Amino acid sequence: MLSKDQIELAIATMQEKYPQARTSLVADTDFHFLLAVILSAQATDKSVNLVTPALFSRFPTPNDLAQVTATDVKPYIKTIGLYRNKARYLVACAQKLVTDYGGVVPAQREELVKLPGVGRKTANVVLSERFGVPAFAVDTHVSRIAKRLQIVAADASVTLIERKFMDSLPPEKWLDAHHALIFWGRYWCTARQPHCATCPLLNICAYGQEQAK
DNA sequence: ATCCCGAGGG
DNA sequence: CCCTCTGGAT
């Protein structure tokens with residue numbers, strides 16, 4: 001297991017390589033950002049950004065989206081994986097925003113996760129990106145890296161990974177660290193064929209040392 | 001634990 | 001061809 005100092009150092013190394021790391025999702029309002037994050041589940045942000053301009057233009061507000069059915073939304077997101085489920089989530093989410101929240105995206109996790117299609121990861125992204133609320137979103141990249149670096153055990157839960165990073169870093173660094181991990185996972189410590197041979201973290205990474213054999 | 005699910009990369 | 005992508009609901 002890595003020590004707290006080693007975790008901090010690992011994050012700093014990632015930030016050094018990807019200083020520009022930040023969210024790539026394009027959205028002007030809280031509502032549209034929420035939709036984009038829901039759509040980004042098991043999909044690349046690039047594929048999400050490809051469909052959102054037309055989607056957002058057609059449905060500017062929760063009210064606009066609450067009045068249609070999933071069938072009406074499908075054509076807009078057909079090129080994204082899991083589009084049937086996501087079409088349902090988007091409409092149901094907009095309807096709940098209208099009926100329960102006055103059309104305003106709530107800024108509390110316990111409320112966000114009540115929205116259809118919004119789980120802990122999506123809620124944490126919205127909180128940290130849009131509302132400035134300290135939160136640590138754990139996705140497939142963060143999870144993979146945490147396990148490869150043995151920041152947590154291989155069978156660790158998402159919430160344990162989340163707590164481990166939160167305990168290792170001050171709240172004001174959580175969002176930047178999250179972004180650094182995402183970019184690290186996306187471009188360097190990739191799921192397949194990661195760049196272990198030339199990795200600056202090789203000296204503290206059991207996984208990388210195993211790969212080098 | 002299982003299903004959903006198109007596009008892009010290797 | 002196979003794997004992966006800023007997961008969530010059942």
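The shown structure was predicted, so the numbers you read here are calculated from the model rather than taken from an experiment. Throughout, a chain's letter reflects where its sequence line sits, starting with A, and its residues are numbered from 1. Computed over heavy atoms, backbone and side chain alike; hydrogens, waters and symmetry mates excluded.
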Rounded distance (Å) that lies between atom [atom2] of [N] and atom [atom1] of [X]:
| X | N | atom1 | atom2 | value |
| --- | --- | --- | --- | --- |
| Arg84(A) | dT10(C) | CZ | P | 17 Å |
| Arg186(A) | dC5(C) | CZ | P | 10 Å |
| Leu82(A) | dT6(C) | CG | P | 13 Å |
| Lys46(A) | dG6(B) | NZ | C1' | 15 Å |
| Lys114(A) | dG8(C) | NZ | C1' | 18 Å |
| Leu50(A) | dA7(B) | CG | C1' | 10 Å |
| Leu112(A) | dG7(C) | CG | P | 17 Å |
| Gln42(A) | dC4(B) | CD | P | 14 Å |

So that I can tick it off, tell me whether Lys121(A) and Asp139(A) are bridged by a salt bridge, with the cut-off set at under 4.0 angstrom between side-chain N and carboxylate O. no

Between Glu8(A) and Lys173(A), is the closest basic N to carboxylate O distance under 4.0 Å? no

Using the [atom1] atom on both, measure [N] against [M] and round to a whole Å.
| N | M | atom1 | result |
| --- | --- | --- | --- |
| dC5(C) | dC5(B) | C1' | 11 Å |
| dT4(C) | dC4(B) | C1' | 15 Å |
| dA7(B) | dA9(C) | P | 24 Å |

Gap separating the CG atom of Leu90(A) from the CG atom of Leu35(A), nearest 0.5 angstrom: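 Leu90(A) CG to Leu35(A) CG: 5.5 Å, rounded to 0.5 Å.
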
Does any N or O donor sit under 3.5 Å from an N or O acceptor when you compare the side chain of Arg192(A) with the base of dC3(C)? yes

Candidate pair Phe31(A) and Phe56(A), rule ring pair (Phe, Tyr, Trp, His ring centres under 6.0 Å), full reasoning: CA-CA 10 Å; Phe31(A) 171 58; Phe56(A) 294 166; 7.7 Å; no

Establish whether Leu65(A) and Tyr101(A) are linked, either directly or via other cluster members, by ILVMFWY side-chain heavy-atom contacts under 4.5 Å.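 Yes, it is one cluster - the side chains of Leu65(A) and Tyr101(A) are joined through contacts under 4.5 Å.
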
Quick check for you: among [options], whose closest atom lies nearest to any side-chain atom of [X]?
| X | options | result |
| --- | --- | --- |
| Arg144(A) | dG8(C), dC5(C), dC4(B) | dC5(C) |
| Ser40(A) | dT6(C), dC5(B), dC5(C) | dT6(C) |
| Thr79(A) | dG6(B), dT6(C), dG8(C) | dG6(B) |

Give a yes/no on whether any side-chain N or O of [X] is located under 4.0 angstrom from OP1 or OP2 of [N].
| X | N | value |
| --- | --- | --- |
| Thr122(A) | dG8(C) | yes |
| His141(A) | dC5(C) | yes |
| Thr140(A) | dC5(C) | yes |

Base, sugar-phosphate alone, or nothing: which one does [X] contact when heavy atoms must sit under 4.0 Å apart?
| X | value |
| --- | --- |
| Leu115(A) | sugar-phosphate |
| Ala43(A) | base |
| Val118(A) | sugar-phosphate |
| Lys86(A) | nothing |
| Thr190(A) | nothing |

Heavy-atom side-chain proximity of Tyr89(A) to Leu39(A) below 4.5 angstrom: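 Tyr89(A) vs Leu39(A): side chains apart.
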
Result for 5'-nearest mapping on DNA chain C, choosing between His178(A) and Pro116(A), is His178(A)

Residue whose nearest DNA chain B nucleotide is more 5′ - Lys78(A) or Gln193(A): Lys78(A)

